[in-house]
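Each chain gets a letter, A, B and so on, in the order the sequences are listed, and its residues count up from 1. All values below were derived from every heavy atom in this structure, side-chain atoms included, with hydrogens, water molecules and symmetry-related copies excluded. Since this is a predicted model, take the numbers as computed values, not measurements.
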Amino acid sequence: MKINVLYFAQLREKFGIGEESIVAPGSVHTVRDLIAHLSTRGGVWAQTFDGSQAFRVAMNQEMIELDTPLVEGAELAIFRPVTGG
Amino acid sequence: MTAQSTPRLSVAVQSADFDLGHEYSALLAHDRGIGAIVAFVGTVRDLNLADDVVALELEHYPGMTEKSLRKILDAAVERWSLQGARIVHRIGKMCPGDQIVLVLTASAHRGDAYEANNFIMDYLKTEAPFWKKEWTPEGPRWIEARDSDDKAAARWK
């Protein structure tokens with residue numbers, strides 16, 4: 001499955017990348033699976049997704065939960081909780 | 001008394017400053033059913049967590065930001081009787097004293113405008129994809145979300 005992933009703010013700086021196209025293995029069905037897949041990169045990826053820090057996910061510009069099934073070709077954004085206003 | 005018209009809702013995400021008087025007049029114009037307008041303006045403080053803040057930088061998620069602000073206004077209209085509402089949120093670099101955000105709500109009676117305004121700000125702070133970075137003399141740091149903001153938004157559920 002092909003997913004376009006965006007990172008904002010702290011995560012963009014930490015990962016040193018704002019956007020990437022990921023071809024996820026067949027075992028990836030939900031957002032949670034994709035996060036686990038990203039964690040296997042180790043380093044800042046594993047550290048960010050080790051459960052110690054809160055993060056939010058939006059798919060096609062709508063906030064979603066970790067168990068939401070991924071949609072082929074989706075725009076997925078991962079970021080720390082928002083701080084506007 | 002004419003039948004209630006569709007509320008006038010609009011959002012703007014911009015780097016430019018906004019003019020409260022101009023925004024207020026634009027919302028009030030053409031609607032004689034308005035009896036109350038509540039305006040909230042958020043500004044940049046020079047002190048946060050006991051450090052000097054020299055500048056504030058606001059990042060956002062273009063596309064989703066506008067959609068989420070619009071959704072918050074739609075939710076407000078579902079709950080309160082509003083003639084109109086507008087959100088202006090700035091992005092980019094700002095200095096202490098600068099305006100960051102404007103929320104205007106207009107209704108026939110003040111209760112709706114007051115409550116809807118509060119609701120919109122509470123949801124904006126927890127749902128709209130904006131991130132603040134503070135610049136202090138020691139360098140930049142991202143602001144962390146606060147539990148009190150989540151609690152403030154939860155009270156409307």
Identify whether the distance between the nearest side-chain nitrogen and carboxylate oxygen of B:Asp17 and B:Arg90 falls below 4.0 Å. yes
B:Gln14 (side chain) donor-acceptor with B:Ala16 (main chain) under 3.5 angstrom: yes
Do B:Arg86 and B:Glu23 sit within salt-bridge range, that is, some charged N less than 4.0 Å from a carboxylate O? yes
Basic-acidic side-chain contact under 4.0 Å: B:Asp147, B:Lys151: no
Does any backbone or side-chain atom of B:Lys132 lie under 4.5 Å from a heavy atom of chain A? Answer side chain, backbone, both or neither. both
For the CZ atom on B:Arg79, are there more than 12 heavy atoms of other groups (residues, nucleotides or ligands in this structure) within a distance under 6.0 Å? yes
Sort B:Glu144 into side chain, backbone, both or neither according to what part of it lies under 4.5 angstrom from a heavy atom of chain A. both
Looking only at heavy atoms, which of residues 27-55 of chain A get nearer than 4.5 Å to chain B? none
For B:Tyr24, is the OH atom crowded, meaning more than 12 foreign heavy atoms sit under 6.0 Å from it? no
So is B:Lys93 actually on top of B:Trp135's ring, under 6.0 Å and inside 45° of the axis? yes
Among B:Met121, B:Arg146, B:Glu127, B:Glu57, the residue with the most heavy-atom pairs under 4.5 Å to chain A is B:Glu127
Against chain B, label A:Ala9 side chain, backbone, both or neither, depending on which of its atoms sit under 4.5 Å from a heavy atom there. both
State yes or no: are the ring centers of B:Trp131 and B:Tyr61 separated by less than 6.0 Å? no
